[in-house]
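Everything on this sheet refers to the single structure shown next.
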Amino acid sequence: MPIVDGHNDLPLQLRARFGYRVGGLDEPRPELQTDIPRLRAGRVGGQFWSVYVPSSLPEPEAVVSTMEQVDAVYRMAAAYPDDLAIAYTADDVERIIGEGRIASLIGIEGGHSIATSLGVLRAFARLGVRYMTLTHNHNTSWADSAAAEPAVEGLNDDGRAVVREMQRIGMLADLSHVAPVTMHAALDTAFAPVIFSHSGSRAVHDHPRNVPDDVLTRLRDNGGVVQLTFVAPFVSAEARAWMAAADAEWRRLGLPDPLTTWPRAPRPAEDPATMPPSREADPEAQPAFRAWVAANPRPVVTVAQVADHVDHARDVAGVDHVGLGGDFDGTTELPDGLSDVSGYPRLLTELSSRGWSEADLDKLAGRNILRVLREAERLAQEPLWPLSPAR
């Protein structure tokens, strides 16, 4: 079973660094973590492309920017028809993989992208969006984020209506980025499987972005999937502590953060400027920040540590409820051996050495998330809920 990965932020990089130019992705692109040759090397057969825009944007502006991100995925697939194809259903994914191409699915990262409008939600679904993360790093008016103080005790009535409508139309509710109280509220509301598109196991590393065991247990009962991520600060306590110290030093030096800058318009195609792949590469950081990094080297995070998160999620939720969501091109902090999309076989080899069977690796790689997609599609066909109001 090829990899069906839950989260890749290449559309963000295309906007912020390359004016949405999609040319050259069929060649090695070392300034990115994703290109078609490395997707092939990593045995990726399906990819949820994240159409992320910052949750700090005003919501109407976020809707427009998200629409541009969706368009970028379609343009990317159109530019490489021998390699990529848009997928809307689980059957589409299997057909496209069978054709030797990479199935391209779309996931919205943050409920701010619909501006509290069920009509906008439905419109995105018609464009092929297959999941929406309920929040990013800010609360919405209807859901609490893991990165903010809870304001509505998880979900309010509007939030529950959003979750029900997503499931009524066959869109997956993604609980990455939300607070544990929101995870429980969504599971209380859900009648179809939910997912975590890119999260870790909180019992292995107590990071707010990771999933507690009591939620993993409920996820098993819900039939959903947690797609384990590779983001080093979510994987390793040492990496998280280093990142916090690096952020503090960056702020102390008064340096602008190129990694969180969101251009109000896509960067002009003729503009050669690009965001640096890491802070150390930023010319403005020289020499002060580079000197700090030399004196305080990044801790090494390993494939084995990622495998620890996968093992734990399997042990608690069950092997039918785990998957992979690397978050490539959405972070510069990645483990050794998993620095780009070619690295998935290294993780599968590590898990095989721990006794994972081929059948169970197939479930992790993609069969579990395809099962969830198919179940969401089936339940969307049943007349369980009346049409929600157009608001």
Side-chain angles (χ1 to χ4, degrees), residues 7 9 11-13 15-18 31-33 50 52-59 61-62 65 109-110 112-113 133 135-140 144-151 176-179 198-200 202 205-210 229-267 271 273-301 305 326-336 338-339:
H7 197 88
D9 276 300
L12 164 65
Q13 299 298 331
R15 176 189 177 101
R17 300 173 69 178
F18 306 111
E31 74 276 24
L32 296 169
Q33 296 162 3
S50 171
Y52 161 76
V53 305
S55 52
S56 57
L57 291 178
E59 288 192 345
E61 185 176 336
S65 295
E109 189 174 15
H112 58 287
S113 288
T133 320
T135 73
H136 191 249
N137 288 338
H138 293 84
N139 295 338
T140 64
D144 291 326
S145 166
E149 288 296 318
S176 287
H177 278 287
V178 307
H198 60 306
S199 293
R202 198 156 184 172
H205 170 33
D206 188 17
H207 191 287
R209 277 281 283 103
N210 291 341
T229 192
F230 305 161
V231 180
F234 302 168
V235 171
S236 159
E238 293 77 16
R240 183 188 182 193
W242 184 92
M243 193 68 187
D247 285 345
E249 179 64 10
W250 189 269
R251 291 191 299 270
R252 188 188 72 78
L253 293 169
L255 296 169
D257 191 346
L259 299 180
T260 58
T261 299
W262 178 256
R264 281 301 192 260
R267 191 179 300 281
D271 185 349
T274 64
M275 294 196 307
S278 67
R279 286 173 168 168
E280 296 94 305
D282 183 358
E284 293 189 58
Q286 303 172 15
F289 188 71
R290 285 189 171 188
W292 183 89
V293 172
N296 300 273
R298 295 169 185 260
V300 174
V301 181
Q305 287 175 284
D327 203 7
F328 288 114
D329 279 305
T331 180
T332 60
E333 309 300 320
L334 289 162
D336 285 6
L338 291 172
S339 60

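If you read the sequence from its start, that first residue is 1, and numbering goes on from there. Side chains are part of it too, since the values below use all heavy atoms of this structure and drop only hydrogens, waters and symmetry mates.
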Not counting sequence neighbours, which residues clear side chain to side chain donor-acceptor pair (under 3.5 Å) with [X]? List them please.
X	answer
R240	none
N296	none
D9	H7, S50

Is the ring pair F328/F230 parallel, tilted or perpendicular, if the boundaries are 30 and 60 degrees? perpendicular
Under a 3.5 Å cutoff, is there a donor and acceptor pairing between the side chains of T135 and T140? no
Checking side-chain polar atoms at under 3.5 Å, does T331 have a donor or acceptor matched by the opposite partner on E333? no
Just wondering, do H136 and P54 contact through their side chains at under 4.5 Å, heavy atoms? no
Would you call H177 and S55 a side-chain contact if the rule is heavy atoms closer than 4.5 Å? no
Any idea which heavy atoms bring [X] and [Y] closest together, and the distance?
X	Y	result
S176	T133	O-CG2, 2.7 Å
E31	R17	O-NH1, 3.1 Å
Q33	G330	OE1-N, 4.3 Å
H198	R209	O-NH2, 2.7 Å
N139	S145	OD1-N, 2.6 Å
P208	A146	O-CB, 3.5 Å

Under the ring-ring contact (aromatic ring centres under 6.0 Å, His included) rule, collect the residues that match up with H112, sequence neighbours excluded. none
Residues in ring-ring contact (aromatic ring centres under 6.0 Å, His included) contact with H205, at least two apart in sequence or another chain: H207
Let me confirm one number: the [atom1]-[atom2] distance from [X] to [Y], rounded to the nearest 0.5 Å.
X	Y	atom1	atom2	result
D329	L32	CG	CG	5.0 Å
Y52	Q13	OH	CD	11.0 Å
M243	T332	CE	OG1	5.5 Å
T229	N210	OG1	CG	8.5 Å

Sorted by chain and number, sequence neighbours left out, salt bridge (Lys or Arg N to Asp or Glu O under 4.0 Å) with E59 holds for none
